[in-house]
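Please read the structure below before turning to the comments.
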Amino acid sequence: MSTSESWIDRGLTHVASTYGRYPLVAASGEGCWLTDIDGKTYLDFLAGVAVNNLGHCHPKVVKALQEQAATLIHCSNYYHIPSQIELAEKLCQFSFGDRVFFCNSGAEANEAAIKLARKYSRDQGHNERFEIITAKASFHGRTMTTISATGQERIQAGFAPLTPGFKYVPFGDSDALAAAITPATCAIMLEPVQGEGGINVPPAGYLRTVRELCDRHLLTLIFDEIQSGIGRTGHLFAYQHDNVEPDVMTLAKGLAGGPPIGAMVAREKHAAALGPGTHGSTFGGNPLMTAAGLAALTTVIEDGVLDNCRAMGAYLRDRLEQLQSRYNFVKEVRGRGLMLGMELSCEGGEIVKTALQRGLLINCTVGTVLRFVPPLIVTEKEIDQMIEILDGIFAEHQEKG
Ligand SMILES: *Cc1c(COP(=O)(O)O)cnc(C)c1O
């Protein structure tokens, strides 16, 4: 047995079977490259599902972790934590927000946003308001309440009863959204670009209309930027493409460049709803993760990462569109920045498996959409290498018919 095979065998025996895993045993990573336990290297265009925005083991993230780990790893939120304060300041400086609640994952950030939206309504004297409208094909996490917020039956199947108070409308349809608002509605929660639902970009003007509806009906607007945020779309936050600011925004994935962290950013008025004792997290905002977050966020903002994301996003899109013009099973290329999807007229699972064998990591959402979310530091050369592998697979796929 190779080293990989024996690890896979052990992994399939005692680790929970919640994931359908590919036969790769991860050992190390650098930049856009992941190396397995047998020494084979892979070009990583999945980046831990949009987590490794700065590539694997970015030196500045590594340094921040090492220094903080040797200084102070954990400290209760009963006390003030400098790196947490600095990260909150930076997030507010570069967004619409005034205050940040820290947690450890995307689902937890959304839980905080959902609690805030309900509590804010109550505090405004609207006791009848509790309902949150979300989008079909959305993805907001895997806890009981966040699967309830997620507008996908396949994610909810088997877990009833769900948390009450969620209603789903087609993404991008402002008339359907307007029609769904009732006196019980307290908030609207959307991804500015849907990730797990297939890289769906809303039509121009949609987010602005959503903002206007929220203003008219006094609803809290929550943007789930857990995947689209931290530079992924070429702006620090995806809402900046449309110049439409939410009241609350959730972040996680790329925020610390790898380490686990979640955050909810809110305007002062809304944040006030979660006063002392209303919410919390033991690990949330701990010194180690927020030190990594501060290093990663600073790097994204100051080291030309956004410029590279825009340039490489345009280049990758162009190269994917060239493939589209040559292969008739490619229906559409869509997305923003380095959050791109390629919709196929067939299932994409086999293509993903073949890509893995040939040293390329990508994935496929909703069965037919190949997803490309490489590190934002990806180079033209790496994109060319990726396209070459994909082109080879597509050519064989076309032949097979
Ligand atoms: C990944 C993701 C989540 C869930 O984040 P976890 O850290 O897995 O809990 C929520 N919303 C969006 C848009 C995501 O992409």
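Heavy atoms only: backbone and side chains are in, while hydrogens, waters and symmetry mates are out.
- Across all non-hydrogen atoms, the minimal contact from A180 to V169 is CB-CG1, 3.5 Å.
- For P287 against I81, the heavy-atom pair with the smallest separation is CG-CG2, 3.8 Å.
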Item checked: Verdict with supporting geometry, N110 and T250, side-chain hydrogen bond (donor to acceptor under 3.5 Å, both in side chains) -> CA-CA 6 Å; N110 284 337; T250 52; 2.8 Å; yes
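- Results of the salt bridge (Lys or Arg N to Asp or Glu O under 4.0 Å) test with E245 over R267, R208, R211 single out R267 as the only residue that passes.
- In this structure, a donor-acceptor pair under 3.5 Å is absent between the side chains of T134 and H140.
- Counted by atom type alone, E212 and T209 present zero donor-acceptor pairs between their side chains at under 3.5 Å.
- Minimum interatomic distance between Q324 and V333 (heavy atoms only, all atoms of both residues): OE1-CG2, 3.8 Å.
- Of all non-hydrogen atoms in G349 and C364, the two that sit nearest each other are N-SG, 4.3 Å.
- The minimum heavy-atom distance between T282 and N77, with the atom names listed, is O-ND2, 4.1 Å.
- In the displayed structure, F283 atom CZ is contacted under 6.0 Å by at most 12 heavy atoms of other residues, nucleotides or ligands.
- Around the CD atom of Q124, the shell of radius 6.0 Å holds more than 12 heavy atoms that belong to other residues, nucleotides or ligands.
- Side-chain contact check for E111 and T143: at least one donor-acceptor pair (N or O, by modelled atom type) lies under 3.5 Å.
- Not less than 6.0 angstrom separates the ring centroid of F237 from the ring centroid of F96.
- Within 6.0 Å of CZ in F159 there are 12 or fewer heavy atoms belonging to other residues, nucleotides or ligands.
- By the 4.5 Å heavy-atom criterion applied to side chains, I230 and K253 are not counted as neighbours.
- Note: F394 and F329 meet the aromatic proximity criterion, with ring centroids under 6.0 Å apart.
- Under the side-chain hydrogen bond (donor to acceptor under 3.5 Å, both in side chains) criterion, the residue pairs touching residues 355-368 are R358-E396, N363-R371, with sequence neighbours excluded.
- A296 and G257 get closest at one heavy-atom pair: CB-N, 3.6 Å.
- Contact check for S138 versus Q194: side-chain heavy atoms found under the 4.5 Å cut-off.
- In R99, the CZ atom is not crowded: 12 or fewer heavy atoms of neighbouring residues, nucleotides or ligands sit closer than 6.0 Å.
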